[in-house]
**Student:** 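Okay, handing you the structure first.
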Number of protein chains: 2
Amino acid sequence: MPKQAPERHEARKAEILTACLGCFSRKGFHRTSMRDLCETLSMSPGALYRYFDSKEAIILAMIDRDRAQWEVAFSNIPANTPLQEVLEGLTDIAEQGCARVEDIAIFWQVMAEATVNPEIAAVLKRHYGLFTDRLELVIRRAQERGEISTDLPPRDAAVFVISCFDGLLARFSFDPSTDWRTLARRFQSWIHLAFSSLPMAPAAKPSTGGKRK
Amino acid sequence: MPKQAPERHEARKAEILTACLGCFSRKGFHRTSMRDLCETLSMSPGALYRYFDSKEAIILAMIDRDRAQWEVAFSNIPANTPLQEVLEGLTDIAEQGCARVEDIAIFWQVMAEATVNPEIAAVLKRHYGLFTDRLELVIRRAQERGEISTDLPPRDAAVFVISCFDGLLARFSFDPSTDWRTLARRFQSWIHLAFSSLPMAPAAKPSTGGKRK
DNA sequence: TGAACGAGAGCGAACGTTCGCTATGTAAAA
DNA sequence: TTTTACATAGCGAACGTTCGCTCTCGTTCA
């Protein structure tokens, strides 16, 4: 048999990842055995190991795929989008991609694993770092447009936004009766309120280095 | 051999719990074997099983102890404490009791386990519920005093506060360079800002001016 | 054109290890 | 002697992973 076309191989890997994600979120990473995965995939261990070197490699690939999806999401945001809209957009993305119980379960599994596995921690830190960078830029732009207070430290503000939603995910995961959409909207408006309620720098004040549009 | 006094038994259980917490946070719940625990405790499996029926029972006891500690912390807050001060107090408690990497690691372990283990999920949901109840009450009182907007839905506001800090814990856990104290203070002030910036209902005393000391 | 080839996808039994847990033995105090 | 705390040894099961095998099918070449 000739070698699988690379794209075919990648497609199969993607299928496997999706199936693994389902298993891990249902049973947890450690309670899911390679046998479990093989059964749901209707695949033998030998075959599975042709695609991934180890169980850990599967998680790492999952994290990377998630990162890629968020990268795409961010790259679709026009530079001059109002902060409020960006937040709404991120909520929508989270709702589609993350705000189902089974997907959030994975989030916790990965987090827990990161506290114990340095390699996963490193990947996750990078992941969060990129995310924070993007959001920081969005906030900085909102400041330049005069949409929110320039007294706000952009980096900390970005961390704040991400923390709020991470925390909401936390609650949602073990209390699915939480009304994600309503709460997320409220969170958005409160965040915006906090960010725009700070004493604004005098309008005419020349910014100390940041360029203006 | 005479039967252990109950208080002695409880004390020993507490010691065991502390040691287990250390192990779990270092290696993770699933990677820590009962053998590991026995070694660090200089104790045989037979002895350990006299104190806890199973590995799961150890986690449940850990969660319960944590809940009890927060209960005490909350019960020490006078009814008329300003919201800002309550938030500061909670930050301090969290800093003492939670804001070390090893303690936060446990938080993730438990969260991850809760997504997979219904019994743990139930306990944790109750735990969070109580916590939210307490905070909701604090917020309600602050509204009655006219300290913050009465347009604020107290329950959602409580969820918001908890979410913010949970999210901060998330970040801190895999990026210990995060300056917990500074960020926590900023979070506090932003939360307070958001809560007091809403249009106030006419019934409450319109303290629209600066309310900081 | 079609038979022979052989690389590679997939299979699945089995490996050695480690798991949570327990049956049994023993020393010591009452 | 009886009761209790703990040690010891080890149980059966399950783990992640491996490896030799089968089968398939595109390629090669007569």
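A note on names: the letters A, B, ... follow the listed sequences, proteins ahead of strands, and every chain is numbered from 1. For clarity, every value in this text was computed on a predicted model and none was experimentally measured.
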**Student:** For DNA chain D, determine which residues of residues 50-63 of chain B have any heavy atom closer than 4.0 angstrom to one of its atoms, and list them numerically.
**Tutor:** B:Arg50, B:Tyr51
**Student:** Hey, does B:Gln84 have a side-chain heavy atom less than 4.5 Å from the side chain of B:Phe195?
**Tutor:** no
**Student:** Strictly below 4.0 Å, N to O, side chains only: are A:Glu136 and A:Arg140 in salt-bridge contact?
**Tutor:** yes
**Student:** For the helix from C:dT1-D:dA30 to C:dA30-D:dT1, what is the angle between the axes at its two ends, each from 5 pairs, rounded to 10°?
**Tutor:** 10°
**Student:** Would you say CG of A:Asp53 has more than 12 non-hydrogen atoms from neighbouring residues, nucleotides or ligands within 6.0 angstrom?
**Tutor:** no
**Student:** Salt bridge check: are A:Glu147 and A:Arg141 linked by an N-O gap of less than 4.0 Å?
**Tutor:** no
**Student:** Salt bridge or not between A:Glu15 and A:Arg12? Use side-chain N to carboxylate O under 4.0 Å.
**Tutor:** yes
**Student:** For B:His30 and B:Gln109, which I'm curious about, is there any donor-acceptor pair between the side chains at under 3.5 Å?
**Tutor:** no
**Student:** To the nearest angstrom, how far is B:Ile16 atom CD1 from D:dC6 atom C1'?
**Tutor:** 12 Å
**Student:** To the nearest Å, give me how far apart CZ (B:Arg8) and C1' (C:dA29) are.
**Tutor:** 16 Å
**Student:** Enumerate the residues from residues 30-44 of chain B whose closest heavy atom to DNA chain D is under 4.0 Å, giving them by residue number; use none for an empty result.
**Tutor:** B:Arg35, B:Met43, B:Ser44
**Student:** Would you call B:Leu135 and B:Leu90 a side-chain contact if the rule is heavy atoms closer than 4.5 Å?
**Tutor:** yes
**Student:** Between the main-chain N or O of A:Ile63 and the side-chain N or O of A:Asp66, is there a donor-acceptor pair closer than 3.5 Å?
**Tutor:** no
**Student:** Of all the heavy-atom pairs spanning A:Lys55 and A:Thr32, show the shortest one and how long it is.
**Tutor:** NZ-O, 2.7 Å
**Student:** Can you tell me the distance, in whole Å, between the NZ atom of B:Lys27 and the C1' atom of C:dC19?
**Tutor:** 12 Å
**Student:** Is the shortest side-chain heavy-atom distance between B:Asp133 and B:Arg155 below 4.5 Å?
**Tutor:** yes
**Student:** Rounded to whole angstrom units, what separation is found between the CZ atom of A:Phe24 and the P atom of D:dG16?
**Tutor:** 9 Å
**Student:** Is the shortest heavy-atom distance from the side chain of B:Arg171 to the side chain of A:Asp166 under 4.5 Å?
**Tutor:** no
**Student:** Tell me: NE2 of A:His9 to P of C:dA9, nearest whole Å?
**Tutor:** 8 Å
